[in-house]
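So that the names make sense, note that chain A is the first sequence line, chain B the second, and so on, each numbered from 1. Below, each value reflects all heavy atoms present in this structure, side chains not excepted, and no hydrogens, waters or symmetry copies.
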Amino acid sequence: MRRFVQHTGVVVPLDRANVDTDMIIPKQFLKSISRSGFGPNLFDEYRYLDEGVAGKDCSQRPLNRGFVLNHSRYSGCSILLARENFGCGSSREHAPWALDDFGIKVVIAPSFAEIFYNNCLKNGLLPIVLKDAQVEKLFLQVNEEEGYRLDIDLQSQQVITPGGERLEFEIDSFRKHCLLQGLDDIAQTLQYTEEIRAFEVSRMEKVPWLFNKKR
Amino acid sequence: MAAETLYDKLWDSHLICQREDGSALLYIDLQLLHEVTSPQAFEGLRLAGRSPWRPEGNLATPDHNVPTTAKERMSGVEGVADPVSKIQIQTLDDNCSQFAIPEFTMSDPRQGIVHVVGPEQGATLPGMTVVCGDSHTSTHGAFGTLAHGIGTSEVEHVLATQCLITGKMKNMLIQIDGKLRPGVTAKDVILEIIGRIGTAGGTGYAIEFGGEVIRNLSMEGRMTVCNMSIEAGALAGMVAVDQTTIDYVRGRPFAPGEAYWGQAVESWKQFVSDDAAVFDQLIAVDGSRIKPQVTWGTSPEMVQPVDGRVPDPEDEVDATRRKSIEHALNYMGLSANQRLTDIQLDQVFIGSCTNGRIEDLRQAASLVKGKKVSSLVKQALVVPGSGPVKAQAEREGLHRIFREAGFQWREPGCSMCLAMNADKLGPGEHCASTSNRNFEGRQGFHGRTHLVSPLMAAAAAIEGHFIDVSTV
Ligand code: SF4
């Protein structure tokens, strides 16, 4: 996995609650069997005026000028600011893949849906939970100041505003460690091969019908 | 020993180790796989030169992309018209044969939506842990099973290690007592709950559903309730094991046979919460007050009883929520205070992992029998959740009832629940749907979904609009 230590970037505000994964990447693009290439279709139904078709060249499509990702003041953005329950709905990992492919490396919101939150962490993206009031304040600041940027420091678990304010956030110590080091989950778990085998043997004794083909 | 909840027991019995960094390794008994969220996981395995830890700890079936017309299904994968879907389905077949993973291919009579197939085959059993790269894996919790959705990286992890790195959730009990009114179904119960606690109300919790209403529900009904726990934000929903569970499981192809049956039943009976178990949160619902539900908006929490009205954003004090309501009304083409029964419907969809089981089809058919689909409705689909559901329905003659009324009777799959295949809504069309998500564009570009029970969907097809099915 790609490491995440520190990040500085332009913030784009998406002022909506309950942004679901169908919205982040609509289903017609999930037919791909690859992990990359989803960026042009991120928020497809909002970014474009026509219907998105998998495989179609997006550069020729009519843009929805009203949608925030199409505003020139946010071009090159890499930090997405959103409202509560971001990433709810389906488990599709295509959602963080699409955000990442587009260039978003950090998502800040008052709360996230769990599967989405997890999926981000597995892909080197950092989801940050801040308090409602803090998020509200960031929205005001982003709207006021063109080119508004934030510094994110994972080691100290801080979001640093241009004014020098430091907003602390929580992250599970295991996940933080994995992100900082860019560790592969599977390789780490396989260090527990003996424990898993031993557990499996005891499970076979307790619930033999799950393991015995001639039930 | 301290009193434990059902979830605590499932967790404890699968905990391999609690690691120093605070994460836990949980053993996974069964992983279900489908074509959409698995290709990148298999590719990851291949790139790392790994192989599945226990191939038979997995069960695969294509469901999301499969066409549902008999004509397109006739010649198997080769016959799939959409070339991209075809590749995805073929990729699942190839991966399963390369890694020796049991699969019900598209032409197998047992194929269907993963969450219908697992329980129906007895692959999902009480006391298990079940995961799948699909958020509606919560369905399997109906068996006193810890089941939840995971992402594709985790699918790869489970394939390679047969375990999941995870953390323990909090316990929530939703107790639904009383007796349901006629015409009120499991779907209305869960919609009412989501309306009450919101789509993030269950975030961080494993929800146990209990009480008289749940005890009286069939396994199909319990699956409907657990299926939509994710729409309340909870990864997992579950119901304690009782005689209904055990009776359902008996004799299913993957269920324990006579040699193990007694031992299995003994073991399963422990999967109930102890009387003195403490929950972090308790919610009590009076089942007798629940009315048939209809969603009006673009989130499952935007729901009202059928005799209600579309809300007025002016009445909402919270600015973010007011904006959500305004946005939803605009998308749905509805006006504030409009009666739900006045919404004109264009399509009807009966199916999905929420309501594509035999009992759902029986309920819908009971209302449709001898009637005709309204001329205002352009298309009404019935899509059985699996091959066996379809076969059973045909043995009972349900397909004839639907067809005679003007419904189309299709082959099993996810179909218009998420419209990855050819079954979809046109822009602006309103659909009465028995599925689980009314998100924007979910059932088709600019399509408008109203989530309802199979009974309500059937009634809506006949009338062309919603009616209070508790009074017919
Ligand atoms: S029926 Fe719908 S919700 Fe269920 S697995 Fe298929 S797409 Fe997902």
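When heavy atoms are compared at a cutoff of 4.5 Å, A/N123 approaches chain B solely by way of its side chain, counted from C-beta outward. B/Q443 touches chain A through its backbone: at least one of N, CA, C or O sits under 4.5 Å from a heavy atom, while the side chain does not. Contact annotation for A/N18: only side-chain heavy atoms (C-beta onward) come within less than 4.5 Å of a heavy atom of chain B. Both the backbone and the side chain of A/A187 come within contact range of chain B, with heavy atoms under 4.5 Å apart. Looking at B/L25, only its side chain comes within 4.5 Å of chain A, counting heavy atoms on both sides. Proximity to chain B is absent for every atom of A/K176, based on heavy atoms less than 4.5 angstrom apart. Residue A/H177 does not touch chain B at all, counting heavy-atom pairs closer than 4.5 Å. Heavy-atom distances place both the backbone and the side chain of A/T193 under 4.5 Å from chain B. Within the 4.5 angstrom heavy-atom criterion, only side-chain atoms of A/R16, from C-beta onward, approach chain B.
Side chains of A/E168 and A/Q157: a donor-acceptor N/O pair is absent below 3.5 angstrom, by distance only. Of the N and O atoms on the side chains of B/E231 and B/N436, not one donor lies less than 3.5 Å from an acceptor on the other residue. For the residue pair A/D153 and A/Q6, no side-chain donor N or O sits within less than 3.5 Å of a side-chain acceptor on the partner. At a cut-off of 3.5 Å, with distance as the only test, no side-chain donor of A/R65 or A/H71 sits close to an acceptor on the other residue.
Counting heavy-atom pairs under 4.5 Å between each of A/A54, A/G55, A/G89 and chain B puts A/G89 at the top. The candidate with the highest count of non-hydrogen atom pairs below 4.5 Å against chain B, out of A/C88, A/S34, A/A17, is A/S34. Per-residue counts of heavy-atom pairs under 4.5 Å with chain A were compared for B/G233, B/A264, B/A200; the largest is that of B/A264. In terms of heavy-atom pairs under 4.5 Å with chain B, the best-connected choice from A/S32, A/S202, A/S90 is A/S90. Ranked by heavy-atom pairs under 4.5 Å with chain B, the first of A/R83, A/Q188, A/R203 is A/R203.
A side-chain donor-acceptor contact under 3.5 Å links A/E93 to the backbone of B/S153.
Of residues 127-140 of chain A, no residue lies under 4.5 Å from chain B by any heavy-atom pair. Listed in order of number, the residues of residues 19-30 of chain A that approach chain B to under 4.5 Å between heavy atoms are A/D20, A/D22, A/K27, A/L30.
Ion pairing between A/K31 and B/D82 holds under the 4.0 Å rule for side-chain N and carboxylate O. The existence of a salt bridge linking A/E45 and B/R442 is excluded, since no basic side-chain nitrogen approaches an acidic carboxylate oxygen closer than 4.0 Å. Comment: A/K122 does not engage A/D184 in a salt bridge, judged by the lack of any side-chain N to carboxylate O separation of less than 4.0 angstrom. Classification of B/E43 and B/R46 as a salt-bridged pair holds, one side-chain N sitting under 4.0 Å from a carboxylate O.
Seen from the ring of A/W97, A/R92 does not count as a face-on cation partner, given the 6.0 Å and 45° thresholds. Taking the ring centre of A/F174 as origin, the terminal cationic atom of B/R19 falls inside the region bounded by 6.0 Å and 45° from the ring axis. With A/F67 as the aromatic partner, A/R47 does not meet the cation-pi criteria of under 6.0 angstrom to the ring centre and within 45 degrees of the ring axis.
Within the structure, the side chain to side chain donor-acceptor pair (under 3.5 Å) test picks out the following pairs touching residues 102-120 of chain A (sequence neighbours left out): A/D100-A/K105. Contacts classified as ring pair (Phe, Tyr, Trp, His ring centres under 6.0 Å) and involving residues 181-206 of chain A (residues at least two apart or in different chains) are given here: A/F199-B/Y27.
Dense packing is recorded around CZ of A/R2, with more than 12 heavy atoms of other residues, nucleotides or ligands lying under 6.0 Å away.
Here the shortest heavy-atom pairing between A/P110 and A/A82 reads CD-O, 3.4 Å.
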